[in-house]
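Structure first, commentary second.
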Amino acid sequence: MQMTSNSEGTNGGEMVVTPWEVKGKVDYERLIREFGTQPLTDELLAKLEKYTDKLHLQIERRIFFSHRDLDTVLNLYEQGTKFVLYTGRGPSGPVHIGHLVPWIFTRHLQEKFQTRLYFQMTDDEKFLIDDETTLAETQKWSYENALDLIAVGFKPEDTYIIYDSQDIDLLYDVTLEVAKRITFSTARSTFGFQDSTNIGWVFWPAIQAAPCFIHKKLTGENVPALIPAAIDQDPYWRVTRDIAQKLGYYKPAQIHCRFLPGLGAGGKMSASMPETSIFTMDAPDVVKKKIWNAYTGGRGTAAEQRKLGADPTVCSIFQYYFFLFEEGSTKLSDRERRCRAGEMLCGECKLDIVSKLNKFLETHRERRERAKNIIEQYHVKR
Ligand code: TYM
């Protein structure tokens, strides 16, 4: 099933970006044009900076690079209308470090704007779209993935996790209002549904839309939702935005991030390719082995690399420094320079990332373990 954005990439072939599949070299400029989103402008970032003291690293580096209506949300905020955050996870398996990218930024927004987060755990979605998966499995992963979410540091009093199959009564009336206003023709052209698609999947987009509007039902306040997520989820928001005002709500706003790549060439880190993904539960030796096999921008031999240098722009390891593991801009540019100049070889760079990754994961797992005692505090409060 493909709602594709197509282009011939030089690295990994044709670009495909859908909520269910991302492959090829992702051309983000092209996605902005084809999806009809807006780039983040300096003026908008100056406004964001007013409320966040300092721009978050993910904004500074344009890891978050595009939006819809972020300007409207900030203007409303300036005039005294708050907003809520909404994001989610399809619990089909363990969490990888790519999933943490939008969650880390969402936590930053929760803290800076002191605002509520609705988090949808879509065990129903993953059950419907995967022929092999049982509901019991996706429910089990909901619990496991919630521990990872909590480990990122969200505030319990302001975090409302909705476990779809358990909490559907909360979403159901809003879902019906949404579903009634989206035609099959719109859904088919947006998501690429086919005759063989099961009807649960066809109905599913209405369920992912519902949390955009749930705040009014729970509190009586009509405020916009701002959704931080990678750009693969954007098709959902396109159909939701079309019907929001008909139902008396604000259009949900988005801020989109890039994909943390996998350890291979091209595409995103994806749980369906475990050998090129780093999961939060990967043991130190597993991390080391995966990094050792990673695709880099290195040359055939060490001698050649010392002489000619390497290319960090195609290197998956460099991207991990860029996204998560080298916060200092000077350190990052120094690493890039040494790589290009052939002063630092891939082995050294890989050793560094293994050590940084394992340290990060160890702390994450300690927090994840503690989350077991407090997970109930994060369940949607009615
Ligand atoms: P899922 O489980 O595919 O992804 C969870 C979140 O992680 C983002 N993401 C990534 N971000 C950076 N690099 C990557 N390699 C990467 N892979 C995934 C996704 O964009 C997403 O933000 N249908 C959704 C669940 C959902 C949801 C939402 C997501 C329900 N409501 C609202 C975002 C916002 C899903 O299956 O996500």
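Both counts, for ligands and for their atoms, begin at 1 and track the order of listing.
The protein non-hydrogen atom at the shortest distance from atom 35 (C) of ligand 1 is G90 N, 3.5 Å. Given atom 7 (O) of ligand 1, the protein heavy atom at minimum distance is H99 CD2, 3.5 Å. When only non-hydrogen protein atoms are considered, atom 6 (C) of ligand 1 lies nearest to G88 O, 3.8 Å. Of the protein's heavy atoms, L260 N, 2.9 Å lies nearest to atom 13 (N) of ligand 1. Closest protein heavy atom to atom 26 (C) of ligand 1: Q208 OE1, 3.5 Å. Of the protein's heavy atoms, D232 OD1, 3.7 Å lies nearest to atom 19 (C) of ligand 1.
By the 3.5 Å distance cut-off applied to N or O atoms, Y86 is counted among the residues near ligand 1. Backbone and side-chain nitrogen or oxygen atoms of A230 are examined, and one is located within less than 3.5 angstrom of a nitrogen or oxygen of ligand 1. Where the criterion is an N or O separation shorter than 3.5 Å, residue side chain and backbone included, Q120 meets it with respect to ligand 1. Any N or O atom pair closer than 3.5 Å counts here, and G98 shares at least one such pair with ligand 1. In terms of polar-atom proximity, R89 is counted as a contact of ligand 1, with an N or O under 3.5 Å from an N or O of the ligand. For ligand 1, the polar-atom distance check against T122 finds no nitrogen or oxygen pair separated by under 3.5 Å. For the pair W204 and ligand 1, the shortest N or O to N or O distance does not fall below 3.5 Å.
At least one heavy atom of W237 sits under 4.0 Å from some atom of ligand 1.
In the model, D148 has no side-chain atom that pairs as donor or acceptor with a side-chain atom of H99 under 3.5 Å. Side-chain contact annotation: S142 with Q166, donor-acceptor N/O pair under 3.5 Å absent. Between the side chains of N358 and K288, not a single donor N or O lies within less than 3.5 Å of an accepting N or O.
The environment of Q79 atom CD is dense: over 12 non-hydrogen atoms of other residues, nucleotides or ligands sit within 6.0 angstrom. Heavy-atom contacts from other residues, nucleotides or ligands closer than 6.0 Å to CD of E43 number 12 or fewer.
Near I227, meaning under 4.0 Å from one of its heavy atoms, ligand 1 places the atoms 34 (C). Every atom of ligand 1 is numbered from 1 in the order shown, and the set under 4.0 Å from a heavy atom of K268 is 15 (N), 17 (N), 18 (C). Every atom of ligand 1 with a heavy atom of R258 under 4.0 Å away is listed here by number and element: 12 (C). Per-residue contacts place T87 under 4.0 angstrom from the following atoms of ligand 1 (heavy atoms of the residue considered): 28 (C), 32 (C), 33 (C), 34 (C). Interface of Q233 with ligand 1, defined as ligand atoms under 4.0 Å from a residue heavy atom, comprises 20 (O), 23 (N), 24 (C), 29 (C), 33 (C), 35 (C), 37 (O). Heavy-atom contacts of K126 reach the following atoms of ligand 1: 36 (O) (cutoff under 4.0 Å).
Taking the six-membered ring where the residue is Trp, the centroids of W237 and Y86 are separated by under 6.0 Å. Aromatic ring centres of F119 and W103: separated by under 6.0 Å. Taking the six-membered ring where the residue is Trp, the centroids of Y77 and F113 are separated by under 6.0 Å.
Side-chain N or O atoms of T115 include one that pairs as donor or acceptor with a backbone N or O of F83 at under 3.5 Å. A distance-only check finds no donor-acceptor pair linking the side chain of D334 to the backbone of T330 [under 3.5 Å]. Under a 3.5 Å cut-off, the side chain of E21 and the backbone N or O of T18 do not form any donor-acceptor pair.
Figure legend: R335 and F318 shown without cation-pi pairing, the cationic atom not lying both under 6.0 angstrom from the six-membered ring centre and within 45 degrees of its axis.
For atom 22 (O) of ligand 1, the choice among A229, S270, P19 with the nearest heavy atom turns out to be A229.
Salt bridge annotation for K251-D69: absent, with no cationic side-chain nitrogen under 4.0 angstrom from a carboxylate oxygen.
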